[in-house]
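Structure, as structure tokens:
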Amino acid sequence: MQTTEETIKSLFARLTGDDKHLAAATSTLDVLWVLYDRVLNVSPENIDDPDRDRFYLSKGHGPMAYYTMLAAKGFIEPEALDTWRTWGSPLGMHPDRNLAPGVEISAGSLGHGLPLGVGTALALRAQGRDARVVVLMGDGEFDEGSNHETMAIAGRLGLDRLTAVVIDNKTSSLGWPGGIATRFATENWDSTTVNGRDHDALYEALTREPAGRPQVVVAEVLPVTEGSAA
């Protein structure tokens, strides 16, 4: 009988042909597993429940790990992974919410995920719902000005059901003094930096009480290959 790690690896291996974004995908596997296995209140059974947690893959140009997790958790059939990158497949090079069950937003254009997360968090607050919104981002996305505007808005409004998880593999073109966590903290976010491969550290950071502020968990993951993109 396969272990969980063996199952994830075998599912991931069914997705081939996108070597360019392989590092971007593998850097998110650990975070995605912790979120879907231990943190998020979302499953195939409550996929349409308005009180479910929302997961937004802003880092949508490396979806292999995301599709793997959706298959591992029963949102899509494992056989669907074999159709990736073929004509008519529901699994595109960027996730499409209209085609793939469990996908909350169509992603791939950097800088869109966090603004969408803020809008959703505001809507859920207005409805009196306690659901969480978690946005997974790459460090390269912070070259987009929309993220910095969104950081400021979320911090000022105290959106404490919003969490940003940033995969930091030191490939951002611009950067800023003090790093990613400091940039968020300046805008009144609760900021934590952890080893992005350490499941227990990720779990602890992702389940902290928000104390009236949005949260960011910076998950440091070294690039798999030299010069790989975030």
**Study point:** Intermediate values then yes/no, side chain to side chain contact (heavy atoms under 4.5 Å, CB included), Val221 and Asp168
**Key:** CA-CA 6 Å; Val221 180; Asp168 183 11; over 6 Å; no

Below 4.5 Å, heavy atoms only, C-beta onward: do Pro63 and Met93 meet side chain to side chain?
no

Side chain proximity check, Pro78 to Leu11, heavy atoms < 4.5 angstrom: yes

Value for CZ (Phe184) from CE (Met151), rounded to nearest 0.5 Å, stands at 4.0 Å

Item checked: Criterion side chain to side chain contact (heavy atoms under 4.5 Å, CB included) on Thr120 and Val118, from CA distance to verdict -> CA-CA 5 Å; Thr120 303; Val118 166; over 6 Å; no

**Q.** Thr192 side-chain N/O to Val217 backbone N/O, donor-acceptor pair under 3.5 Å
**A.** no

Rounded to the nearest 0.5 angstrom, the CH2-OG distance for Trp84 and Ser89 is 9.5 Å

Please tell me whether His199 and Arg38 have a donor and an acceptor in their side chains that are separated by less than 3.5 angstrom.
no

CG of Leu57 to NE2 of His94, rounded to nearest 0.5 Å, is 10.0 Å

**Study point:** N/O donor-acceptor pair under 3.5 Å between Asp53 side chain and Arg132 backbone
**Key:** yes

Name the atoms and distances for all side-chain donor-acceptor pairs under 3.5 Å in residues 153-162, with sequence neighbours left out.
residue : atom : partner : partner atom : Å
Arg156  : NH1  : Glu187  : OE1          : 2.7
Arg156  : NH2  : Glu187  : OE1          : 3.3
Arg161  : NE   : Asp130  : O            : 2.9
Arg161  : NE   : Asp130  : OD1          : 3.4
Arg161  : NH2  : Asp130  : O            : 2.9

Residues Ala219 and Gly196: closest non-hydrogen pair is CB-CA, 3.7 Å

Nearest heavy-atom approach of Val135 to Ser58 is CG1-CB, 3.8 Å

Gln127 atom CD, neighbour heavy-atom count above 12 within 6.0 Å
yes

Smallest heavy-atom separation, Pro90 atom then Ala100 atom, equals O-CB, 4.0 Å

**Report entry** Residue pair Lys9 / Thr68, side-chain donor-acceptor N/O under 3.5 Å
**Finding:** no

With sequence neighbours left out, the residues meeting ring-ring contact (aromatic ring centres under 6.0 Å, His included) with Tyr56 are none

Using only atom types and a distance under 3.5 Å, with no angle test, would you say the side chain of Arg52 pairs donor to acceptor with the backbone of Asp49? yes

Are Tyr66 and Phe75 an aromatic pair, judged by ring center distance below 6.0 Å? no

d(Glu220 CD, Asp139 CG) to nearest 0.5 Å is 10.0 Å

Interatomic distance, CG@Leu32 vs CE@Met69, rounded to 0.5 Å, equals 5.5 Å

Distance col, row Phe142:CZ vs His148:NE2, nearest 0.5 angstrom, shows 7.0 Å

Ignoring hydrogens and angles, state whether a donor on the side chain of Glu45 or Ser43 is under 3.5 Å from an acceptor on the partner side chain. yes

Would a single hydrophobic cluster contain both Ile180 and Leu110, if residues Ile, Leu, Val, Met, Phe, Trp and Tyr are joined by side-chain heavy-atom contacts under 4.5 Å? no

Would a single hydrophobic cluster contain both Ile47 and Ile76, if residues Ile, Leu, Val, Met, Phe, Trp and Tyr are joined by side-chain heavy-atom contacts under 4.5 Å?
yes

message: Show, in sequence, the C-alpha distance, side-chain angles and deciding distance for Phe55 and Val42, and conclude whether the side chain to side chain contact (heavy atoms under 4.5 Å, CB included) test is met.
response: CA-CA 9 Å; Phe55 171 76; Val42 63; 5.7 Å; no

Paired with Glu141, the side chain to side chain contact (heavy atoms under 4.5 Å, CB included) test is passed by just one of Asn147, Val166, Ile167, namely Asn147

Query - Any Val133 side-chain heavy atom under 4.5 Å of Thr163 side chain - result: no

- Query: Under 4.5 Å between any side-chain heavy atoms of Tyr36 and Lys73, yes or no?
  - Reply: yes

Inset, instruction - Step by step, work out the side chain to side chain contact (heavy atoms under 4.5 Å, CB included) result for Val165 and Leu206. - result: CA-CA 9 Å; Val165 182; Leu206 289 165; 3.7 Å; yes

Closest non-hydrogen contact found for Leu81 with Ala71 is CD1-CB, 3.9 Å

Would you mind reporting whether Arg54 and Val134 have side-chain heavy atoms less than 4.5 Å apart? no

Thr28 and Ala65 have their tightest heavy-atom pair at OG1-CB, 3.3 Å

Scanning both residues in full, the closest heavy-atom pair of Arg85 with Thr16 reads CD-O, 3.5 Å

Within a reach of under 6.0 Å around CD of Glu79, are more than 12 heavy atoms found that belong to other residues, nucleotides or ligands?
yes

Using the benzene-type ring in the case of Trp, are the ring centres of Tyr67 and Phe12 under 6.0 Å apart?
no

